[in-house]
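Here's the structure we're looking at; comments come further down.
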Amino acid sequence: MIDVTIQNFEAEVIAASMQVPVLVDFWAPWCGPCKTLGPILEKLEVEYAGRFKLVKIDSDQEQQLAGMFGIRSIPTCVLMIAGKPVDGFMGAQPEGKLREFLDKHLPSEAEMAAEAGAGEAQALLDSGDVQSALQMLQEALAADPANDDARFDYVRLLIQTGALDEAEAQLEEPLKRIQHPLRFEALKAWAQAIRFVHEDDRGEWPLEQFDALIAANKRDFDTRFAKARVLMAEGRWMASMDELLEIIMRDKTWSDQAARKLYIAILELLTPPKPKDAGAVPGKTAGGIELTGKAGKQEDELTAMLSSYRRRLSMALN
């Protein structure tokens, strides 16, 4: 439990809630129900072992903060997630009701373990230890099989390391869902492109051989599509989309819209994951601070490139 003032509110509440849900307890020393509620909340914070963070704000001493949240009576508790209030309650509540409230919003222990594992895996990947990163992601997914973020990261790394059979096995469950998550469809398309290169004779062709056939017949869509898959397998994303766009402009419906589907898959693979603060502005931190240096420049360039290719697809389809 932490006492929060206007001076540390940004760090202890807003910034902290980007990593873990923060329960803000507005109270006052003279408030009888607050004295009943407070110890129960402190007990639950210990029992929930890091699943949420409890902070207390003295509404008499911190009237500016109380005003920001529109506090009219105390005790009032507000749950903050990703820098925003998502739920709350007023008045002292029995422990059972508090548990119901928390369990409705907080990640499970398995979800937290999976998220922690995914974070460690990224650190290992950044250091170049690919095999340890794969193992960590595998363990994270085993801890929480419903965690699509962990599954996506694991499958993506499997594809990058050439473990196509395992990658495709991991894609079976999400692709059986009535509504397929687009990002898993994109991973499947990527794996299929790599398989094409390994299993089809055209996977060994130099690009000049594709270009000669296309020059002889600009509507040789099968050759164009094969070239696009080779380029995709090589990670030449923009060149692949350029070739797919040539098909789309000439025949939007060719082969059950295969070119459009593969184009969208590439866009999906290149799109960075959404930040935890869903309202964050590209090029800025969650608090609105401008990103500077190489990281900010790369993000801006990627955003601009993706926007350009989305516009080109939209124009070709209209």
Side-chain angles (χ1 to χ4, degrees), residues 121 125 128 130-135 137-138 141 145 148 150-271 306 309 313 316:
L125 194 58
V130 176
Q131 290 305 314
S132 295
L134 273 171
Q135 183 177 349
L137 285 169
Q138 185 180 31
L141 186 58
D148 277 356
R151 185 179 298 275
F152 179 83
D153 291 340
Y154 181 46
V155 173
R156 185 174 190 130
L157 191 51
L158 285 170
I159 294 173
Q160 288 174 327
T161 55
L164 297 183
D165 290 341
E166 175 61 17
E168 289 169 345
Q170 290 294 332
L171 287 172
E172 287 180 4
E173 186 279 324
L175 294 178
K176 286 179 181 177
R177 300 175 196 171
I178 295 175
Q179 291 186 333
H180 302 335
L182 181 58
R183 57 180 173 169
F184 291 118
E185 289 279 8
L187 288 174
K188 178 183 177 182
W190 187 20
Q192 288 176 334
I194 296 173
R195 277 207 182 278
F196 172 80
V197 169
H198 291 164
E199 298 173 0
D200 192 288
D201 291 342
R202 291 170 292 180
E204 300 295 327
W205 286 8
L207 293 181
E208 292 78 11
Q209 190 168 348
F210 288 104
D211 293 339
L213 291 173
I214 292 169
N217 178 11
K218 295 189 181 300
R219 295 185 64 84
D220 185 351
F221 299 144
D222 189 61
T223 297
R224 284 190 184 273
F225 192 73
K227 179 186 176 184
R229 296 178 94 179
V230 170
L231 290 167
M232 182 183 186
E234 294 175 354
R236 298 173 64 178
W237 310 105
M238 288 179 285
S240 180
M241 286 191 288
D242 289 339
E243 201 63 61
L244 292 168
L245 203 62
E246 293 292 334
I247 299 174
I248 296 167
M249 288 190 296
R250 290 173 170 82
D251 187 344
K252 301 179 181 66
T253 63
W254 174 79
S255 190
D256 192 28
Q257 302 185 55
R260 180 189 65 82
K261 292 174 182 177
L262 192 59
Y263 190 106
I264 290 173
I266 294 174
L267 288 175
E268 184 66 20
L269 289 170
L270 294 178
T271 301
L306 291 172
Y309 273 89
L313 176 62

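Predicted, not measured: the structure shown is a model, and the values here were computed from it.
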Indicate the atoms forming the closest heavy-atom contact of [X] with [Y], along with that distance.
{"X": "L157", "Y": "A133", "result": "CD2-CB, 4.0 Å"}
{"X": "P181", "Y": "P174", "result": "CD-O, 3.6 Å"}
{"X": "A233", "Y": "A193", "result": "CB-O, 4.0 Å"}
{"X": "L175", "Y": "K188", "result": "CD1-CD, 3.6 Å"}
{"X": "L187", "Y": "I159", "result": "O-CD1, 3.5 Å"}
{"X": "A316", "Y": "L245", "result": "CB-CD1, 4.0 Å"}

Note, [X] side chain near [Y] side chain (heavy atom, < 4.5 Å):
{"X": "L270", "Y": "M241", "answer": "yes"}
{"X": "V230", "Y": "R202", "answer": "no"}
{"X": "W205", "Y": "V197", "answer": "no"}
{"X": "L134", "Y": "Q131", "answer": "yes"}

Once you round to the nearest 0.5 Å, how far does [atom1] of [X] lie from [atom2] of [Y]?
{"X": "F152", "Y": "L137", "atom1": "CZ", "atom2": "CG", "answer": "11.5 Å"}
{"X": "Q192", "Y": "E199", "atom1": "CD", "atom2": "CD", "answer": "10.5 Å"}
{"X": "T223", "Y": "Q209", "atom1": "OG1", "atom2": "CD", "answer": "9.5 Å"}
{"X": "M232", "Y": "I266", "atom1": "CE", "atom2": "CD1", "answer": "4.5 Å"}
{"X": "L207", "Y": "L231", "atom1": "CG", "atom2": "CG", "answer": "5.5 Å"}

Residues forming a salt bridge (charged side-chain N to carboxylate O under 4.0 Å, His left out) with [X], sequence neighbours excluded:
{"X": "R260", "value": "none"}
{"X": "E172", "value": "none"}
{"X": "K252", "value": "none"}

Going through the checks in order, is the salt bridge (Lys or Arg N to Asp or Glu O under 4.0 Å) test met by E243 and R224?
CA-CA 6 Å; E243 201 63 61; R224 284 190 184 273; 2.5 Å; yes
Please list, chain by chain and in numerical order, all residues satisfying ring-ring contact (aromatic ring centres under 6.0 Å, His included) with F225, sequence neighbours excluded.
W254
Could you list the residues that satisfy ring-ring contact (aromatic ring centres under 6.0 Å, His included) with F184, not counting sequence neighbours?
none
Verify the neighbour count for atom CG of D201: are there more than 12 heavy atoms of other residues, nucleotides or ligands below 6.0 Å?
no
Return yes when atom CE of M238 has more than 12 non-hydrogen atoms of other residues, nucleotides or ligands closer than 6.0 Å, and no otherwise.
no
Picking from W190, Y309, Y263, what satisfies ring pair (Phe, Tyr, Trp, His ring centres under 6.0 Å) with W237?
W190
Side chain [X], main chain [Y], donor-acceptor under 3.5 Å:
{"X": "R156", "Y": "L269", "result": "yes"}
{"X": "D251", "Y": "T253", "result": "yes"}
{"X": "K261", "Y": "D256", "result": "yes"}

Looking only at side chains, do S240 and D242 share a donor and an acceptor under 3.5 Å apart?
no
Under 3.5 Å, is there a donor on one side chain and an acceptor on the other for E166 and Q170?
yes
I need the full list of salt bridge (Lys or Arg N to Asp or Glu O under 4.0 Å) pairs touching residues 204-221, with sequence neighbours left out, sorted by first then second residue.
D211-K227
Kindly indicate, with the supporting measurements, whether the criterion side-chain contact (heavy atoms from CB on, under 4.5 Å) is fulfilled by L164 and L158.
CA-CA 7 Å; L164 297 183; L158 285 170; over 6 Å; no
Determine whether I264 and L313 satisfy the following criterion, side-chain contact (heavy atoms from CB on, under 4.5 Å), listing intermediate values before the conclusion.
CA-CA 9 Å; I264 290 173; L313 176 62; 3.9 Å; yes
